[in-house]
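Contents: one structure, followed by commentary.
These numbers come from the heavy atoms of this one structure, side chains and all, not from hydrogens, waters or symmetry mates. This is a predicted model, so every value here is computed, not measured.
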Amino acid sequence: MANGQEKEMKLTSTKAARKKFFQLPLVKEKIVAGSQHTLKLWNQYLDTRDRKLSRTGMAYRIRRTNGKAFEATIKSRGETVNGFSRRAEYTVPLQQAKPVLQGFEPQVDKKLQTLLQEDELLPLCTVEFTRKVALLQLSAVTVVEAAVDTGTIKAGGKEALIGEIELELKKGQERELLRFTAELAQEIPLLPEERSKFSRGLALLDEEKPKAKEETAVPSWTEETEPVALWRGLAQKAAGKALDLLIPREEEEFDAQGMLATLRQLGGLWLVGQPFLSRTTWKKGKDLLAVLQEQLEPMAYLTGLSDAKAKPFPEELLPLEPGRKWLEDQWVAAAQQAAEACGQEVRAALWQLLYLCTLAHKKEGLATLGALLQQQWNAWQQDEQLLGDAGNPDPWDRKEQMEKLEGLLALTRGLGEKRLQKRGRTYENQWWKHCLSYARTGALEEGAEQVADQELSLSLAALCGQEGLRTEKRRARAWEAGENLYKEVARHKEWSCL
């Protein structure tokens, strides 16, 4: 009998990546001598006709290995976050493929016998697959069993293919498993797989289409919860949501604006979480987030431009319609470059951020969540007052301040502080109005010496629909695009209004 808690990372990847997995230098150098082998596995999942076990958070599996030994395993539903699951597992050997109701653990035996006293277990789905497996020595204290599974799930006369990578923690630290996953994501494409083989089998049986992933619950907390635990949970939730957004579900398009909003929220949380991280770790995460946002901005802006295009064009700007089409072509090219970057680089960065979250540590002097929230809000409002006293600053000077506000709002949502949320949204609205005003007046003041240049700069802002997003880099890009647009306009007499 083998009992205990199963801790594993379940991942999806490409066929080519799975094929070369054990040949990757990062993996090959860690294989424990003599541990690499291949298994032929047959799994059958059982439940009552009305699925009593599933409804109580249990799964019953019979497994046959290499056509010989049988075993029965009871698994609890457990918890799965960003592909990493923790669940209780109880296993007993069998003489044949026939379920038993005892021999696991006394409390499990009792629960099975109570639930099934008037029902029998019936086969629901079958999984047949080849598992290539090896033990990996990640460190002196951490050992992981790496497995590459390839096969099929059969249920209700239908089939689905399996192609997974599983990393099960045999002993050691969860943090080191996540660090290894982040390193692995720099070598091959990796995405978290939240669904178990059993749940995929049930979906086939019920003829369900893949559903959008349910929103991960906000980490539970009480006044005794360590502030660092809530911050870590919220940050990991945001990074996990970004990973999910990378691969849209069927009949969905990539949500570039949603991705950018999620990254900005994570960026705000990162600013709020500075007290919990070492200077090196915090800076590394901040730099990763800056690069991610810069890569994804063109795609988000193009979506915004398309949305604006669907609305009636302002009558006073009708002569600029051809100019907008030209500008849209420029954004399409930039978005294509960003789409290429949305592959392995973005995935690897998000996995790295998930790992960095685990390095957060307790901060002395912040014994309660209330103390954390009060300290952060006081510091934010002091900085806001200083900026306000400075007059009418460039929005770029307040960019980090507003990103931090996004993090505070995420924290207050986690704590259910509606009053502080309302106050934060008021600050946000004031800032966006300031951005809009600054963009309009700035277009007339910054380097616009001639009336034509002034009109061109204003037109460019209107065409882009990005008056509220002025940063130094974007301003330089916009001005360069404006100059190119102006040259193009000069070739068309019909655009002389510019």
request  = Measure the shortest side-chain to side-chain distance between W351 and P192 over non-hydrogen atoms and say whether it is less than 4.5 angstrom.
outcome  = yes
query = Taking T80 for the side chain and G83 for the main chain, is one N or O donor matched with an acceptor at less than 3.5 Å?
reply = no
task = Of all the heavy-atom pairs spanning T262 and A238, show the shortest one and how long it is.
result = CG2-O, 3.3 Å
query = Rounded to the nearest 0.5 Å, how far does NZ of K132 lie from CD1 of I165?
reply = 12.0 Å
query = Does some side-chain heavy atom of W231 sit less than 4.5 Å from a side-chain heavy atom of L277?
reply = yes
ask   = Who are the side-chain contact (heavy atoms from CB on, under 4.5 Å) partners of V32, not counting sequence neighbours?
value = S35, L135, Q137
ask   = Do L353 and L292 have side chains that get closer than 4.5 Å, going by heavy atoms?
value = yes
ask   = Does E164 pair with K197 as a salt bridge, N-O distance under 4.0 Å?
value = yes
ask   = Counting only N and O atoms by type, is there a donor-acceptor contact under 3.5 Å from the side chain of T142 to the main-chain atoms of Q173?
value = yes
inquiry  = Quick one, K75 with R61, criterion side chain to side chain contact (heavy atoms under 4.5 Å, CB included). Give me CA distance, side-chain angles, the key distance, then yes/no.
reply    = CA-CA 8 Å; K75 291 190 177 189; R61 181 191 74 197; 3.6 Å; yes
inquiry  = Strictly below 4.0 Å, N to O, side chains only: are K7 and E174 in salt-bridge contact?
reply    = yes
inquiry  = Side chains of Q186 and Q352, heavy atoms from C-beta outward: is any pair under 4.5 Å?
reply    = yes
With sequence neighbours excluded, residues passing ring-ring contact (aromatic ring centres under 6.0 Å, His included) with F198 = Y45
Considering all heavy atoms, the nearest H361-P275 contact = CE1-O, 4.0 Å
ask   = Under 4.0 Å between a Lys/Arg side-chain N and an Asp/Glu carboxylate O for K170 and E168?
value = yes
query = For the atom pair OH (Y355) and CG (L178), what is the distance rounded to the nearest 0.5 Å?
reply = 8.5 Å
key: Short side-chain to backbone donor-acceptor contact, N82 and Q236, under 3.5 Å   = yes
key: L136 side chain near F180 side chain, heavy-atom distance below 4.5 Å   = yes
request  = Starting at CD of E79, measure out to CZ of R86 and round the result to the nearest 0.5 Å.
outcome  = 5.5 Å
query = Within the side chain of W270, is there an N or O that forms a donor-acceptor pair under 3.5 Å with the backbone of L289?
reply = no
Reported CZ-to-CG distance for the pair F84 and L177, which is rounded to 0.5 angstrom = 6.0 Å
task = To the nearest 0.5 Å, tell me how far R232 CZ sits from L356 CG.
result = 12.5 Å
ask   = Passes side chain to side chain contact (heavy atoms under 4.5 Å, CB included), L167 versus T181? Steps please.
value = CA-CA 9 Å; L167 302 172; T181 305; 3.8 Å; yes
key: Salt bridge E166-R131, side-chain N to carboxylate O under 4.0 Å   = yes
ask   = Between D149 and K10, is there a side-chain N and carboxylate O pair less than 4.0 Å apart?
value = no
inquiry  = Minimum heavy-atom separation for L266 and A235, please, with both atom names.
reply    = CD1-O, 3.5 Å
ask   = Closest approach of L350 and A239, non-hydrogen atoms and distance?
value = CD2-O, 4.4 Å
message = Within the 4.5 Å heavy-atom criterion, are L24 and L184 side-chain neighbours or not?
response = yes
ask   = Would you say the side chain of K286 lies within less than 4.5 Å of the side chain of L271, judging by non-hydrogen atoms?
value = yes
Residue pair E176 / S139, side-chain donor-acceptor N/O under 3.5 Å = yes
query = If only atom types and distance count, is the side chain of S199 paired as donor or acceptor with the main-chain N or O of S196 below 3.5 Å?
reply = yes
task = Can you tell me which residue pairs pass the side chain to side chain donor-acceptor pair (under 3.5 Å) test with a partner in residues 16-31, sequence neighbours excluded?
result = none
Flag, side chain of R264 to backbone of M259, donor-acceptor distance under 3.5 Å = no
request  = Using modelled atom types only, decide if a donor and an acceptor are shared between the side chain of S13 and the backbone of L190 within a distance under 3.5 Å.
outcome  = no
ask   = Would you say the side-chain atoms of E105 pair up with the backbone N or O of Q107, donor to acceptor, closer than 3.5 Å?
value = no
request  = Mind checking the CD1-CD spacing from I162 to E193? Nearest 0.5 Å is all I need.
outcome  = 10.0 Å
key: S54 side chain to R51 backbone, donor-acceptor under 3.5 Å   = no
ask   = Is there a donor-acceptor pair under 3.5 Å between the side chain of R175 and the backbone N or O of T358?
value = yes
key: Closest heavy-atom pair and its distance - A185, A348   = O-CB, 3.4 Å
request  = Side-chain contact test, heavy atoms from C-beta onward, threshold under 4.5 Å: evaluate it for K111 versus M58 and give yes or no.
outcome  = yes
